[in-house]
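What you see below is based on every heavy atom in this structure, not just the backbone, and it leaves out hydrogens, waters and symmetry mates. Predicted model only: the values in this text are computed from it and were never measured.
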Amino acid sequence: MIRRKKWGSFFFITILLILLFTVSFGSASAAEQKILVVSKTQEEGQQLQALLSACRQPSDLVLERDYQKGKLSEYQGMVSSSRVPLEEARAKGIKRLLTGEAAAFADGVVTKEIKNASISMELRGYSELPQFQQEVTVLASGLGNSFGELILEQGRYPFAVQGESEACAPYFQPQSLSAIAMGELMQNFFGLSAGKMYLLLDEIYAFSDAYLICRTAEVLSENGMPFIIRVMPLYDNLDYPAFLRFAQVLRYVQAHNGTVVIHEPLVSPNEHVREPLEDKMKRFIQALERENIAYQPMDVVPYSLSLDVLEQIQSPGKNFGTFSMDTMIPLSLVSSEEELKSTVEKLQNKWLSLEDYKRNFTNQSYSYRETAIDEQYQYVQEEEQFFTGQMQRGNNVLIVVVIAGLLTLIVLLLIGSRVYRKKFYR
């Protein structure tokens, strides 16, 4: 009887472990699934990838000319501006979002081309000022749930239609409300997570104006605006006082509700590689850690929407709210206090709901304590000593050469004198 109970317990535990393993494995597999982007041009594909990234969805890009049959088997869904993979996607039952030229081949859809159009759109109460387009393709009719609305002089048209396995949105433009609509369509169609809005102070270098960086951090913090500061990587001279002063600035920034992230390295395609990029980045990261800079990763990049574009979008209420996908408002470092004041006023007028980016990773808060920096370069001292020694050695060699020359001259004079006497006095 006891043995039966033991076997029953063992059997129950085994089944439980198998179920847990299956759930864990299934979750991991789902997390690793990607969307395939098929586009006619590289630029178009990168724009679609940027939107998917802002929805926290990994993706791969292949151009229409490089697409090979069978590639879709590796993916859970497809976003395409090309009709080439459409037949295969339907045969395999893969969810597909069609845009651009591919939209005309969606099931039950009729598209219409309108030339020289002034176009605006509405999305969940958000609206945008009209923009002129030489040619616009719109949905004249289509099967499925409509999403958003394009407004032209010729009439109103749905931005997209969405069915169970196929969605269609023929028109979108980067840096506009239509790009936000495309991102939200991706979320709705593929079941992706909701997003947040961030403020980004971008492309900050070690030689950027330290006072203006600190002043920007102070003003944003005083106005309750958390922000991200994205710094350009530095690979050499990381023990110099100039870098230590920059690290002090970054500590000051993170104490004023700023989150430090590292900008992706800028690599020239023709650059001669003397040292692997991974080694250089590792050296920079170690230098930040030594200086207590709590940098955070940015593996998933929010969709960039400039402040100028944001000002063209009207919200349904006084509070602007947030979009469904991750967005960020990039700001350059201002050149004056007046420009900083103007920028902050524009942000305040929009009543934005800005998120603190570091709260995605930590709840820790940071304080600032200034540390003394030794302004004496050890490298400079050694350099001075090196040249001093070189000068001294040069002087010594010159003295030896002069003395040797004088001795040689004296010897030659003595020899000449003796030869002269033998010749003329004997």
Side-chain angles (χ1 to χ4, degrees), residues 196-234 238 240-263 284 287-298 302 304-311 318-320 322 326-375:
K196 300 175 182 179
M197 182 177 286
Y198 305 99
L199 189 63
L200 173 71
L201 192 60
D202 203 12
E203 293 190 5
I204 301 300
Y205 292 84
F207 52 78
S208 297
D209 191 311
Y211 171 77
L212 285 173
I213 296 174
C214 293
R215 186 65 186 135
T216 301
E218 290 172 350
V219 172
L220 292 177
S221 179
E222 289 166 3
N223 287 275
M225 297 179 183
F227 64 99
I228 302 167
I229 178 169
R230 188 156 61 174
V231 300
M232 304 302 296
L234 186 68
L238 298 174
Y240 277 23
F243 175 76
L244 299 181
R245 285 192 293 271
F246 181 57
Q248 192 133 272
V249 168
L250 295 182
R251 288 196 296 272
Y252 188 83
V253 164
Q254 69 185 16
H256 285 77
N257 221 11
T259 303
V260 178
V261 302
I262 301 173
H263 198 288
F284 177 60
L288 292 180
E289 291 172 347
R290 280 198 307 271
E291 295 302 317
N292 297 316
I293 308 301
Y295 68 93
Q296 303 298 343
M298 187 176 270
S304 179
L305 202 66
S306 72
L307 183 54
D308 290 339
V309 170
L310 203 67
E311 286 188 294
K318 185 175 183 180
N319 189 324
F320 189 86
T322 58
D326 287 346
T327 51
M328 63 182 179
I329 307 163
L331 304 176
S332 299
L333 186 62
V334 296
S335 57
S336 65
E337 290 257 4
E338 291 74 18
E339 188 179 350
L340 174 59
K341 181 180 178 181
S342 173
T343 300
V344 171
E345 284 180 355
K346 290 178 181 177
L347 292 168
Q348 286 177 323
N349 291 337
K350 297 303 289 185
W351 289 76
L352 302 172
S353 301
L354 299 172
E355 296 287 338
D356 189 348
Y357 184 76
K358 66 176 173 290
R359 297 304 173 210
N360 294 324
F361 309 96
T362 179
N363 290 320
Q364 185 174 352
S365 297
Y366 303 96
S367 57
Y368 174 73
R369 185 178 65 183
E370 189 167 347
T371 57
I373 297 175
D374 183 3
E375 295 296 337

Phe243 vs Phe246 aromatic rings, parallel, tilted or perpendicular, using cut-offs 30° and 60°? tilted

Kindly give the heavy-atom pair with the smallest separation between Ala294 and Gln254, and that separation in Å. N-OE1, 3.1 Å

Contact summary for Met225 and Leu199, nearest pair of heavy atoms: CB-CD2, 4.4 Å

Just wondering, do Val260 and Lys358 contact through their side chains at under 4.5 Å, heavy atoms? no

Got a second to check how far Leu305's CG is from Leu200's CG, nearest 0.5 Å? 12.5 Å

Hey, does the side chain of Arg215 reach the backbone of Val219 with a donor-acceptor pair shorter than 3.5 angstrom? no

Side chain Ser342, main chain Glu338, donor-acceptor under 3.5 Å: no

Atom of Phe284, atom of Met232 and distance for their closest heavy-atom approach: CZ-O, 4.0 Å

For Thr343 and Glu339, indicate whether the former's side chain and the latter's backbone hold a donor-acceptor pair under 3.5 Å. yes

Let's go through Leu310 and Thr327 carefully: what are the C-alpha distance in whole Å and the side-chain angles of both, what is the deciding distance for side-chain contact (heavy atoms from CB on, under 4.5 Å) to 0.1 Å, and is it a yes or a no? CA-CA 11 Å; Leu310 203 67; Thr327 51; over 6 Å; no

Test item: Leu331 and Leu347 side chains (from C-beta on) under 4.5 Å apart, heavy atoms: yes

Side chain Lys346, main chain Leu307, donor-acceptor under 3.5 Å: no

Closest non-hydrogen atom pair between Gln296 and Tyr366, with its separation: NE2-OH, 4.2 Å

Quick one: closest heavy-atom pair of Pro302 and Tyr198, and the distance? CG-CD1, 4.0 Å

Would Tyr357 and Val261 count as a side-chain contact (heavy atoms from CB on, under 4.5 Å) if you check the C-alpha gap in whole Å, the side-chain angles of each, and the deciding distance to 0.1 Å? CA-CA 10 Å; Tyr357 184 76; Val261 302; 3.9 Å; yes

Does a side-chain heavy-atom distance below 4.5 Å link Leu201 with Arg230? no

How far does CZ of Phe227 sit from CE of Met328, to the nearest 0.5 angstrom? 15.0 Å

Should Val253 and Cys214 be marked as a side-chain contact (heavy atoms from CB on, under 4.5 Å) after you check the CA-CA gap, both sets of side-chain angles, and the distance that decides it? CA-CA 6 Å; Val253 164; Cys214 293; 5.5 Å; no

Start with the C-alpha gap between Leu220 and Asn257, add the side-chain angles, then the distance that decides, and say whether side-chain contact (heavy atoms from CB on, under 4.5 Å) holds. CA-CA 9 Å; Leu220 292 177; Asn257 221 11; over 6 Å; no

Distance col, row Leu333:CG vs Asp202:CG, nearest 0.5 angstrom, shows 11.0 Å

pair Met197-Glu355: side-chain heavy atoms closer than 4.5 Å: no

For a quick check under 3.5 Å, do Ser353 and Asn319 share a side-chain donor-acceptor pair by atom type? yes

In this structure, NZ of Lys341 is separated from CD of Gln348 (nearest 0.5 Å) by 10.5 Å

Could you tell me the separation between the CG atom of Leu340 and the OG1 atom of Thr216, rounded to the nearest 0.5 Å? 4.5 Å

Leu250 pairs by side-chain contact (heavy atoms from CB on, under 4.5 Å) with which of Asn292, Ile213, Val231? Val231

Do the side chain of Thr322 and the main chain of Lys196 share a donor and acceptor less than 3.5 angstrom apart? no

Taking every heavy atom of Tyr368 against every heavy atom of Gln248, the minimum-distance pair comes out as OH-CG, 3.1 Å

Between CD1 on residue Ile229 and CD on residue Glu203, distance to nearest 0.5 Å: 12.0 Å

Under 3.5 Å, is there a donor-acceptor pair between the side chain of Arg251 and the main chain of Glu291? yes

